[in-house]
*Asks:* 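One structure, as structure tokens, below. Some questions next.
Both backbone and side-chain heavy atoms feed into the values below; hydrogens, waters and symmetry mates do not. Numbers restart at 1 for each chain; the letters A, B, ... are given by sequence-line order, proteins then strands. This is a predicted model, so every value here is computed, not measured.
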Amino acid sequence: MLTTSITSTDLLFLLQGAWTTILLTLWAMLLGTAGGVICGLLRATLPRATLPLAWVLDAFRSVPLLIQFVLFNSLKSIAGLDWSAFSVACAVLGVYAAAYCTEIVRSGVLAVSPNVRRAGRSLGMNYWQDLRYIVLPMATRIAFPGWLNLALSVMKDTALVMWIGIVELLRASQIIVTRIQEPLLVLCIAGLIYYFISLVVARLGNQLEKRWQEND
Amino acid sequence: MIEIENVHKSFGDLDVIKGVSLTVNKGEVVSIIGGSGSGKSTLLMCINGLEVIQQGSIRVDGTEVHNKATDLNRLRQKIGIVFQQWNAFPHLTVLENVMLAPRKVLGQSRAEAEDIAVRQLTHVGLADKLKVFPGKLSGGQQQRMAIARALAMSPDYMLFDEATSALDPQLVGEVLDTMRMLAEDGMTMVLVTHEISFAREVSDRVAFFRNGLVHEIGTPEQVLVSPQYAETADFLKSVL
């Protein structure tokens with residue numbers, strides 16, 4: 001009953017999958033945050049003019065990620081792009097994260113009191129100085145919990161990349177399950193690894209938030 | 001000198017200021033009193049271009065404020081404004097709040113800006129709060145910090161928009177003391193205020209605003225003690 005045929009090689013294989021998961025998350029959040037900050041600022045500053053942008057981003061938030069992966073992968077082949085599956089995964093996840101991040105940034109920027117911005121402008125700061133030294137630092141503190149949430153959710157969504165042939169943590173565990181037929185154990189281990197990654201991210205985030213809160 | 005000439009200002013269909021003319025001379029303290037919605041705070045925002053006007057002109061030292069060619073950021077450096085809601089930058093310490101604009105706008109070095117900031121903060125009685133974040137201060141302290149923040153830009157003019165209206169009664173005095181000190185130093189000031197006795201004490205002239213117009217203007221004695229118009233007298237009766 002308590003015997004298992006899982007080997008250390010299997011565990012290493014799982015960890016390699018976890019590393020792919022981490023890399024995908026990092027890239028997706030890097031692209032997503034960069035895109036989200038730009039689009040979010042545009043959306044907050046020019047709500048009317050950027051309405052079409054909102055519609056486009058809405059599509060990425062509304063269509064299941066799995067469909068986006070498959071569609072983009074096919075488009076890639078049709079367009080003759082020579083991208084690796086990993087690049088495709090990063091691009092799709094990045095756009096998906098950017099669509100969510102845009103709303104997070106937008107709400108953060110809009111939550112900065114116009115009166116405080118006025119105070120900045122009244123001291124002679126120009127638009128960009130106001131943005132750089134007042135709006136962005138304040139909006140970051142407001143938007144951070146939402147952003148952290150997005151990072152954790154993207155981390156788990158990376159599991160979908162298995163459909164375009166990437167072996168990440170969940171796919172790695174499925175491969176092992178197929179061979180040793182111990183789904184409960186293997187999935188528990190995979191789940192623990194996901195949990196551990198989340199824990200580290202959430203802890204780091206909490207520390208940052210605590211440092212900010214001490215100031216309030 | 002601030003020259004306000006026949007200024008009209010509306011928000012959509014709502015006419016807030018309907019032709020105000022007012023001149024504030026160098027070194028003068030002018031108080032603006034009046035009921036809410038009389039346009040007095042809005043006028044203050046128009047003086048440093050935070051609000052646009054529809055008609056008329058405002059000149060500060062001869063510079064047309066509402067002219068597209070005017071560099072407002074430059075003009076605002078010499079017009080300090082203190083708001084009703086003190087509007088501290090919550091993510092910066094008291095010292096950093098005061099140092100930010102001198103460093104970024106005037107290009108002062110850290111040492112230079114810190115020197116001036118410490119001096120201004122000491123002046124308003126916050127020397128022991130330099131490293132504290134605004135969230136830890138009382139309203140009166142935050143407002144005094146806001147005054148120091150405006151003064152650190154060495155403005156030629158100071159505008160006060162109901163600077164004590166949002167404060168607990170026991171904190172009003174400390175802010176008024178700071179403003180009194182400024183007036184005694186010869187700062188040119190425009191105060192929008194509900195503190196009638198304070199206005200009487202520090203002002204060279206008092207203007208009573210009603211329905212977007214200057215209803216009555218004169219020395220504190222003329223306007224506050226023996227007003228010429230019944231509306232002024234009624235207003236004074238309602239706030240005293």
Side-chain angles (χ1 to χ4, degrees), chain A residues 33 36-37 40-41 44-49 101 104-148 204-216, chain B residues 41 44-45 47-51 71-94 96-107 131-137 142-143 145-155 157-161 166:
Chain A
T33 306
V37 167
L41 277 174
T45 323
L46 307 162
R48 206 113 1 116
C101 194
I104 294 172
V105 171
R106 186 173 75 99
S107 64
V109 168
L110 291 180
V112 176
S113 146
N115 285 330
V116 173
R117 299 187 66 169
R118 254 183 175 203
R121 297 305 299 274
S122 81
L123 291 165
M125 283 194 235
N126 63 34
Y127 180 81
W128 298 107
Q129 288 170 328
D130 165 61
L131 196 65
R132 162 77 182 78
Y133 299 110
I134 296 170
V135 178
L136 286 181
M138 286 178 72
T140 304
R141 285 157 172 71
I142 299 165
F144 186 73
W147 181 85
L148 202 62
L204 287 175
N206 280 345
Q207 256 170 19
L208 204 56
E209 272 186 66
K210 207 179 271 172
R211 226 177 56 196
W212 285 336
Q213 267 165 13
E214 278 166 16
N215 305 342
D216 297 333
Chain B
S41 290
L44 229 48
M45 300 300 150
I47 292 178
N48 72 351
L50 283 174
E51 290 287 354
D71 183 354
L72 274 181
N73 297 322
R74 186 168 209 113
L75 185 75
R76 284 176 187 146
Q77 291 168 23
K78 60 177 177 185
I79 310 174
I81 183 160
V82 176
F83 301 87
Q84 183 177 350
Q85 297 291 346
W86 34 89
N87 297 337
F89 306 140
H91 58 294
L92 300 175
T93 63
V94 167
E96 288 164 346
N97 257 272
V98 179
M99 284 169 63
L100 181 65
R103 288 198 66 201
K104 304 303 172 190
V105 178
L106 301 179
K131 302 282 180 211
V132 174
F133 283 87
K136 296 262 193 290
L137 299 181
Q142 290 200 46
Q143 190 60 298
M145 182 202 78
I147 295 174
R149 186 171 67 181
L151 289 176
M153 296 293 288
S154 343
Y157 302 92
M158 282 291 283
L159 315 177
F160 288 85
D161 180 19

*Asks:* Under a 4.5 Å cut-off applied to non-hydrogen side-chain atoms, are A:R118 and B:M45 in contact?
*Replies:* yes
*Asks:* Provide the closest heavy-atom pair for B:V105 versus A:M125 in the form atom of the first, atom of the second, distance.
*Replies:* CG2-CG, 3.6 Å
*Asks:* Where on B:A88 is there a heavy atom nearer than 4.5 Å to chain A: the side chain, the backbone, both, or neither?
*Replies:* backbone
*Asks:* Between the main-chain N or O of A:Y133 and the side-chain N or O of B:H91, is there a donor-acceptor pair closer than 3.5 Å?
*Replies:* yes
*Asks:* Within the structure provided, determine whether A:R117 and B:N87 are in side-chain contact (heavy-atom separation under 4.5 Å).
*Replies:* no
*Asks:* Given the options A:S113, A:P137, A:G124, which has more heavy-atom pairs under 4.5 Å with chain B than any of the others?
*Replies:* A:G124
*Asks:* Is it the backbone or the side chain of B:R149 that comes under 4.5 Å from a heavy atom of chain A, or both, or neither?
*Replies:* both
*Asks:* With distance as the sole test, does B:Q85 use its side chain to make a donor-acceptor pair with the main-chain N or O of A:N115 at under 3.5 Å?
*Replies:* no
*Asks:* Does any heavy atom of chain A fall under 4.5 Å from the side chain of B:L75, the backbone, both, or neither of them?
*Replies:* neither
*Asks:* Can you confirm whether A:L123 sits close enough to B:L100 that some side-chain heavy atom of one is under 4.5 Å from a side-chain heavy atom of the other?
*Replies:* no
*Asks:* Using side-chain heavy atoms (C-beta onward) and a distance below 4.5 Å, is A:S122 in contact with B:F83?
*Replies:* yes
*Asks:* Taking atom CG of A:N126 and atom CZ of B:R76, what is their separation to the nearest 0.5 Å?
*Replies:* 10.5 Å
